Amino acid sequence: MESPTGASLSEAGKRDVGATIEVRLADGSTVTLSRGATAADLVARNGRNRSGEAIAAVVDGRVVDLATALEDGAEVALVSASSAEGLAILRHSTAHVLAQAVLRLWPGARYAIGPVIDDGFYYDFELPRGEHFSEEDLARIEEAMRAIVAEDQSFVRQELSFDAALALFAGQPYKQEIIEAVRAGADELDASSKEAAAGGVSVYRNEAGSGARTPSDGAFVDLCRGPHVPSTGHLGHFKLMRVAGAYWRGDERRPQLQRIYGTAWPSEAALSEYLYRLEEAERRDHRKLGIELDLFSFPDEIGSGLPVFHPRGGLLRRVMEDYSRARHAAAGYEFVYTPHIAHKELFETSGHLQSFAEGMYPPMDLEGGQQYYLKPMNCPFHILVYKSRQRSYRELPLRLFELGTVYRHEKSGVVHGLTRVRGMTMDDSHIFCAREQLPAEIRSVLEFVLDVLEQFGLSDTYLELSTRPGEKAVGADEEWEEATELLRSVAAEMGLALVPDEGGGAFYGPKISVQARDAIGRHHQISTVQLDYQLPRRFDLSYVAPDNTRRRPAMLHRALFGSVERFMAILLEHYAGALPTWLMPEQVRVLPVAGDHQAYADLVAQALRGAGIRVAVEGADEPLNARVRRAKLAKLPYILVVGGSDVEAGTVGLNRRGSERPERGVPLDAVVAMIQAEIEARGSPEQARVLR
RNA sequence: GCCUGGGUAGCUCAGCCGGUAGAGCAGCGCACUCGUAAUGCGCAGGUCCGGGGUUCGAGUCCCCGCCCAGGCUCCA
């Protein structure tokens, strides 16, 4: 908020007025400039602005316009369009051009805010007469923006008093509201910093040199903190992406504005690379792959967010679940099964109805006033397993595991493919242990989770620590603090970095979540480990300690896949559908060259099947090329083509996924052994490479 | 819930200014028997999301509803 230049200005004023000033550059060198020189003069002197390279400057740690006059002794660094700061300025300036274009096309439109977001920007408008943007308008607006860029209008900064600014933005209630908010903020500052805040706001005018001065005579002016690129000619590599409704200040009680999203980049190459990235993400969309690979669907007849798995998807799911079960068994987990509905009282005891009711399906009312709820989480049920009899310290840690299906009533706007569903299966585990066992147990759980994820090819991971959520949290502050500190210290001991996520914890406790980066750089929250002192208390859990006293256990909630459905979606997108061989529903397809080779093809398939490999044979009813193509499109790891010479020699033609050239005459035994070894090794030799 | 876009064959989509619905792929049948990314011919396939209205006539225009997708967090 405050303006550091305020101080240096007065300081500079006391100095002797010479003809030149000296400024220091980032590399430590000093440059002598004439008094009154600006950052732009420095750029010109360096001759470094040929392609709009430098678009702003950092003066004494503050990002400013190139037109800013430099003070003697200032430290100056230039901001290039491709740096993080530069990109933000570029996008923000493009947002201004968007607003100017919209005001040209819709005189009388009100404009609100136009901030920078990841990879782009948006601007919110209110059009006259309640008009709305349509998708077709985007092309017209872009055209108007390109005209403004061609005019190479300069962005000129001007400081205004609050009152002058309010007058300038007469008829722009959103701008006025922002000005009033800034004034209210400034009033809270003490006298000295109030002076620094200059008692007003800054605006930027776009001037084409025509002398136009106010919005009504054609020039554009926007309330803005800045900085901006020197002129619109520095922009141009942008694209408007979509329109959306958005509430003023994100508040649904306030007017809904019309938002336009856009993206902007320093070069055409960077823009098209970004657009390609979007296409790539679309190509990998698990909903699309689910149809192409015949894995699952969402029948309207069932309801939104409720998937069915087809045989191939079912097979994939079973392989995932079987592997999960095997690993859990080996790691000392015990398997339980619990029902899908329960009395209202259970969820009152657990606190779900108090803290999570909006995420739950409404109750089923039964005769006699009894109410049942669909379960939104497995924890209360596992707690009841613990509570079924008295527990001894000798049993702890008690690790209960279930692939438990839960139902959550997600709001209609947020359901999305398999990643946000209303019915899902959690690979849920609840570990009951003595408090002193917690550090060792958390550590072993984290090691277990990271190792299993790596087997699925998700090894680019980091951890996030989610702390106490604002109002929803239950439990005492000290306990939250203690639990949070425990998670922090275990992770630190293991040498794992923790990224903070303030307020992101569950209502009953803090959590560590494992975030995995996928093949195209997106990150997904996968596993979570939550520490909970609350539920053991609410359910009055206890165990008998060695000294024959009753003690309260602590609980760890742990999901590894998270939901099986969502994990499948992440894998599909990570691998673009080309799953590692061990996960692929069909691992090998045998193609006889002609009908004469059918019997040998069946023999080959039998040998593979005998080795536990999933294989199918496709006969020669269609040309070989067509069958190879179909198998490639199905992203099969191995295609075995067998013809006359193979029948004689006991060999196969081996066509591996991702390889351009097939190998001829490979002995059958060698192929069986190789594929078998690959399946056993799991992992992901091809690591999500892009396969077309 | 709200904004924008969409809903036409199993899938992907075309269908202009209102004139009696089309393509490619998939499916089925017949022929072809082929050595690494689409063999040919034929057949079948439709409540144009539902309802109402305008009209001589509606997939198309208007109104109401349903469903799907993206967005509604980044605060000048």
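Bear in mind the structure is a predicted one, so any value in this text is a computation, not a measurement. Just so we're on the same page: letters track the sequence lines, and every chain starts at 1.
Remark: the A:Asn625 side chain and the B:U36 base include no donor-acceptor N/O pair separated by less than 3.5 Å. A:Tyr247 contributes a side-chain N or O that forms a donor-acceptor pair with the base of B:G1 under 3.5 Å.
Of all nucleotides listed (B:U39, B:G70, B:A76), B:G70 comes nearest to the side chain of A:Ala244.
When the P atom is used for both B:U47 and B:G59, the distance is 13 Å, rounded to whole Å. B:C67 and B:G24 have their C1' atoms separated by 27 Å, given to the nearest Å.
Backbone-only engagement by A:Ala626 is indicated by non-hydrogen atom pairs under 4.0 Å involving sugar-phosphate atoms exclusively. Nucleic acid contact class of A:Asp596 (heavy atoms, under 4.0 Å, all strands): none. Contacts of A:Arg664 with the nucleic acid, taken as non-hydrogen atoms under 4.0 Å apart, include base atoms. At the heavy-atom level, A:Asp222 lies nowhere under 4.0 Å from the strands shown. Within the 4.0 angstrom heavy-atom criterion, no nucleotide atom of any strand lies near A:Glu292. Residue contacts for A:Val116: at a heavy-atom cut-off of 4.0 Å it reaches the sugar-phosphate backbone alone, with no base atom in range. Residue A:Ala246 is classed as a sugar-phosphate contact, given heavy-atom separations below 4.0 Å to backbone atoms only.
When the P atom of B:C72 is taken as reference, atom CZ of A:Phe125 falls 17 Å away, rounded to whole Å. Atoms CD (A:Glu622) and P (B:C34) sit 16 Å apart, rounded to a whole Å. Rounded to whole Å, the distance from CG on A:Asp294 to P on B:U12 is 14 Å. The distance from atom CZ of A:Phe133 to atom P of B:G71 is 19 Å, rounded to the nearest whole Å. Rounded to whole angstrom, the span from the CD atom of A:Gln598 across to the P atom of B:C34 amounts to 14 Å. One can place CG of A:Asp285 at 10 Å from P of B:A69, the figure rounded to the nearest angstrom.
Listed by chain and number, the residues in a salt bridge (Lys or Arg N to Asp or Glu O under 4.0 Å) with A:Arg661 amount to none (sequence neighbours excluded).
For A:Tyr122 and B:C74, the shortest distance from a side-chain N or O to OP1 or OP2 is below 4.0 Å.
In this structure, B:C17 is classed as syn because its glycosidic torsion stays within 90° of zero.
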Please list, one pair per line, the donor and acceptor atoms closer than 3.5 Å that link side chains of residues 292-299 of chain A to other protein atoms, with sequence neighbours excluded.
{"unit_1": "A:Asp294", "atom_1": "OD1", "unit_2": "A:His310", "atom_2": "ND1", "d": "2.8"}
{"unit_1": "A:Ser297", "atom_1": "OG", "unit_2": "A:His310", "atom_2": "NE2", "d": "2.7"}

